[in-house]
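For the single chain, residues carry numbers from 1 onward in sequence order. Worth knowing before you read on, the calculation uses all heavy atoms, side chains too, and leaves out hydrogens, waters and symmetry mates.
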Amino acid sequence: TTRILDGTTVAICLVVSGIVLLYTVFGYIYTIRHPDPRYDKPTIFGLIALLTLGMILFGASLLYLKAFKESSKKYKNKSG
């Protein structure tokens, strides 16, 4: 049962990190092309900070995926 939860967690982490990266890039492009006079123009620092956080999350998700694959490979070898 915990193996199913581990796989689900890996998938959710990868999807969330991808959404964060896509939302950051497309959101920045959208706000540059369609400025709202009520708000300030988005800064490059904000874009870089959000991209950095998204890449850290994506990297951590990939490391978790790698560990999950190694764990499942050991589990298959042990049971089979």
Side-chain angles (χ1 to χ4, degrees):
T1 58
T2 58
R3 301 202 50 73
I4 294 171
L5 292 176
D6 284 344
T8 305
T9 304
V10 169
I12 290 172
C13 287
L14 286 171
V15 168
V16 168
S17 64
I19 288 172
V20 167
L21 288 171
L22 288 174
Y23 189 80
T24 299
V25 171
F26 289 126
Y28 185 80
I29 291 170
Y30 181 82
T31 55
I32 292 295
R33 289 189 181 166
H34 307 290
D36 189 351
R38 296 177 291 172
Y39 303 107
D40 291 337
K41 187 176 170 183
T43 62
I44 294 293
F45 176 75
L47 174 68
I48 292 171
L50 286 173
L51 281 176
T52 302
L53 289 173
M55 286 187 220
I56 289 170
L57 180 60
F58 189 72
S61 299
L62 288 178
L63 288 175
Y64 193 58
L65 176 64
K66 180 182 172 188
F68 176 72
K69 282 185 173 182
E70 289 175 0
S71 170
S72 63
K73 191 181 293 185
K74 289 178 185 177
Y75 180 76
K76 285 181 184 178
N77 290 338
K78 196 180 218 184
S79 65

Student: Linking I/L/V/M/F/W/Y whenever any side-chain heavy atoms sit under 4.5 Å apart, do L51 and L62 land together?
Tutor: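 Same cluster: L51 reaches L62 through Ile, Leu, Val, Met, Phe, Trp or Tyr contacts under 4.5 Å.
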Student: Using the rule that two of Ile, Leu, Val, Met, Phe, Trp, Tyr join whenever any of their side-chain heavy atoms come within less than 4.5 Å, decide whether L47 and L50 are in one cluster.
Tutor: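 Each belongs to a different hydrophobic cluster.
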Student: Hey, could you give me the CG/NZ distance between D36 and K41, rounded to the nearest 0.5 Å?
Tutor: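 D36 CG to K41 NZ: 14.5 Å, rounded to 0.5 Å.
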Student: Nearest 0.5 Å, what's the OH-OH distance between Y28 and Y23?
Tutor: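 Interatomic distance, Y28 OH to Y23 OH, rounded to 0.5 Å: 15.0 Å.
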Student: Side-chain heavy atoms nearer than 4.5 Å, only ILVMFWY residues, links allowed to pass through others: does that put I29 and I44 together?
Tutor: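 Shared cluster, yes.
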Student: Would you say L21 and V25 make side-chain contact, with heavy atoms under 4.5 Å?
Tutor: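 No, every pair of side-chain atoms sits at 4.5 Å or beyond.
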Student: What closest approach, in Å, do T24 and V20 show between heavy atoms, and which atom pair accounts for it?
Tutor: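 Nearest pair, atom of T24 first, then V20: OG1-O, 2.7 Å.
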Student: Heavy atoms only: give me the nearest G54-S17 pair and the separation to one decimal.
Tutor: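 In terms of heavy atoms, the two residues are closest at O-CB, 4.4 Å.
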Student: Taking side chain to side chain contact (heavy atoms under 4.5 Å, CB included) as the criterion, tell me which of L14, V15, T8 meets it with I12.
Tutor: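 With I12 as partner, L14, V15, T8 yield a single side chain to side chain contact (heavy atoms under 4.5 Å, CB included), made by T8.
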Student: Is the backbone of I48 close enough, under 3.5 Å, to the side chain of T52 for a donor and an acceptor to pair up by distance?
Tutor: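 Between the backbone of I48 and the side chain of T52 there is a qualifying donor-acceptor contact (under 3.5 Å).
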Student: Taking atom CZ as the centre, does F58 end up with more than 12 heavy-atom neighbours from other residues, nucleotides or ligands that are less than 6.0 angstrom away?
Tutor: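 Result for CZ/F58: open.
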Student: So, for P35 and I32, which heavy atoms are closest and what is the spacing to 0.1 Å?
Tutor: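 Between these two residues, the closest heavy atoms are CD-O, 3.8 Å.
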Student: Do other residues, nucleotides or ligands put more than 12 heavy atoms under 6.0 Å from D40 CG?
Tutor: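 No, the 6.0 Å shell around CG holds no more than 12 heavy atoms from other groups.
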